[in-house]
Number of protein chains: 2
Amino acid sequence: MSLKYALLGLLAERPDSGYALTQRFEQSLQKYAWHANHSQIYPELAKLAADNLATVVEEGARGRRTYAITDAGREALREWLLTSGAGPRRVRNEAVLRTFLLSTLEPDDAAQLLRRYVDRAAQDLAELRAVVADLDAAEEAGEPQRFGRFAAEFGLRQYAAFHDWARWALARVESAAPRQQSREQGREQDLQE
Amino acid sequence: MSLKYALLGLLAERPDSGYALTQRFEQSLQKYAWHANHSQIYPELAKLAADNLATVVEEGARGRRTYAITDAGREALREWLLTSGAGPRRVRNEAVLRTFLLSTLEPDDAAQLLRRYVDRAAQDLAELRAVVADLDAAEEAGEPQRFGRFAAEFGLRQYAAFHDWARWALARVESAAPRQQSREQGREQDLQE
DNA sequence: GCGTTCATGTAAATGGTTACATGATTCC
DNA sequence: GGAATCATGTAACCATTTACATGAACGC
């Protein structure tokens with residue numbers, strides 16, 4: 001069900017082809033909200049058109065078909081947003097799963113992984129800050145964008161929180177096993193026979 | 001693939017039955033990391049046993065079968081955690097999707113929803129803080145828990161970030177359309193002219 | 001004895017991924 | 001003319017959800 005509304009949401013911002021929507025998915029939604037690839041998107045667009053929630057408004061080169069949201073589509077989207085918030089919050093996020101399970105590792109393995117996470121979060125943060133700076137500059141210049149800026153800010157705060165958490169977790173893991181983090185392996189003392 | 005490792009991870013903490021694992025899924029993983037229900041978990045456990053990554057270590061009342069992770073299972077889990085971090089980070093999170101799409105609504109609708117989100121995040125935060133306090137108290141008393149504390153701290157920081165984001169978004173939406181929000185709640189003081 | 005919780009499963013349908021397939025257009 | 005990109009689709013497979021199904025044990 002969610003894919004349907006994700007597409008309606010993207011179309012509510014502006015009309016686009018399946019190809020373009022696939023790209024917008026990759027850019028704005030994939031990392032935080034929802035993922036889908038083209039083989040799912042094309043049939044779903046056909047379904048939206050069949051249900052009169054979207055229509056083909058243009059046929060261009062290379063069989064390109066541009067879809068636009070209809071009034072019925074906009075209403076369906078609004079309805080879903082305003083009413084559907086109550087249910088259970090189910091999440092699937094493999095990266096987070098990995099971080100949770102990391103506490104099942106030996107402290108040295110866990111610390112090694114956490115260091116990688118901290119580094120990568122820092123990188124992600126730097127990239128997003130650049131994106132946000134661009135968006136803000138564009139806004140200064142007059143454009144009214146909304147969707148992208150919200151998403152970027154969300155990502156920014158999420159990554160910052162993750163970065164902080166990973167450093168907190170690393171400190172905990174290191175203080176739990178403050179032995180040798182000098183050599184990376186060489187664990188000799190753990191045969192407590 | 002992820003379900004397999006999620007189960008191995010839970011079993012790495014302690015042996016449990018399919019029934020108990022279903023509950024642990026609901027408590028610790030569902031909200032942030034991964035979701036699965038019993039009809040998926042039972043067959044997957046059978047598969048783990050067939051692959052010798054887990055074994056039945058006890059058969060109790062009511063057909064209860066307790067599974068434990070094997071050495072091979074522990075090694076498979078470690079392998080996955082240490083090597084699989086590179087791929088694309090795909091996320092499915094309906095709640096976040098809804099927050100992103102909210103910027104397609106009329107400002108008044110969006111503001112109304114955001115207020116709900118702010119309130120709920122505050123509630124979630126309060127609940128988690130209580131959980132964390134309990135965990136920390138148990139730790140003071142000697143128990144060495146690891147998994148649950150990491151997850152709880154993660155949730156805490158995540159909800160805090162979401163709460164902040166929602167308030168930021170609300171301020172933006174309200175300043176974009178500062179018309180009539182006088183009724184509906186009773187907030188009079190926010191025209192800080 | 002009756003209701004609740006414990007406990008496990010299977011089947012049908014839906015949702016999602018990966019692989020296969022095709023061809024037009026653009027840029028060089 | 002050849003490579004890259006644009007553009008759409010289908011099919012087979014795997015993952016997940018929902019619904020159906022059963023019965024033992026426990027608390028009262």
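Note that these values count all heavy atoms, side chains included, but never hydrogens, waters or copies made by symmetry. All chains are named by letter (A, B, ...) in the order of the sequence lines, taking the proteins before the strands, and each is independently numbered beginning at 1.
Between A:W165 and B:F150 the shortest heavy-atom distance is NE1-O, 3.2 Å.
Comparing B:K47 and B:H38 by the nucleotide of DNA chain D that holds the closest heavy atom to each, the one mapping nearer the 5' end is B:K47. Mapped onto DNA chain D by nearest heavy atom, A:R64 and A:S39 fall at different nucleotides, with A:R64 at the one closer to the 5' end. Residues A:R62 and A:S2 both approach DNA chain C. Their nearest nucleotides, taken by heavy-atom distance, put A:S2 toward the 5′ side.
A:I41 has its CD1 atom 11 Å from the P atom of C:dG16, to the nearest Å. Between the C1' atom of D:dT5 and the CD atom of A:E26 lies a distance of 14 Å, rounded to the nearest Å. Atom pair B:Q23:CD and C:dT4:C1' shows a separation of 14 Å (rounding to whole Å applied). A:L21 places its CG atom 14 Å from the P atom of D:dC6, with the value rounded to the nearest Å. Atom CD in B:E59 sits about 17 Å away from atom C1' in D:dA25, given to the nearest Å. The CE-P distance, from B:M1 to C:dG16, rounds to 19 Å in whole Å. When rounded to the nearest whole Å, the span between CD of B:E44 and C1' of C:dT10 equals 16 Å. In this entry the distance linking CZ of A:R90 with P of C:dG16 reads 12 Å, nearest Å.
Dashed line: the shortest gap from a side-chain N or O of B:R92 to OP1 or OP2 of C:dT17 is under 4.0 Å. Of the side-chain N and O atoms in A:Y42, none sit less than 4.0 angstrom from OP1 or OP2 of D:dG9. Contact annotation: A:Q40 does not reach the phosphate of C:dG15 (side-chain N/O to OP1 or OP2, under 4.0 Å). Contact check, A:Y19 against D:dC6: a side-chain N or O comes under 4.0 Å of OP1 or OP2.
The line from CG of A:L8 to OG1 of A:T70 is 8.0 Å long, rounded to the nearest 0.5 Å. The distance from atom CD of A:Q23 to atom OG of A:S17, rounded to the nearest 0.5 Å, is 8.0 Å.
The backbone N or O of A:E94 sits nowhere less than 3.5 Å from a side-chain atom of B:S2 that would complete a donor-acceptor pair.
A donor and an acceptor atom never sit less than 3.5 Å apart when one is taken from the side chain of A:H35 and the other from the base of C:dG16.
Below 30°, between 30° and 60°, or above 60°: for A:Y5 and A:W80 the angle between ring planes is below 30°, a parallel geometry.
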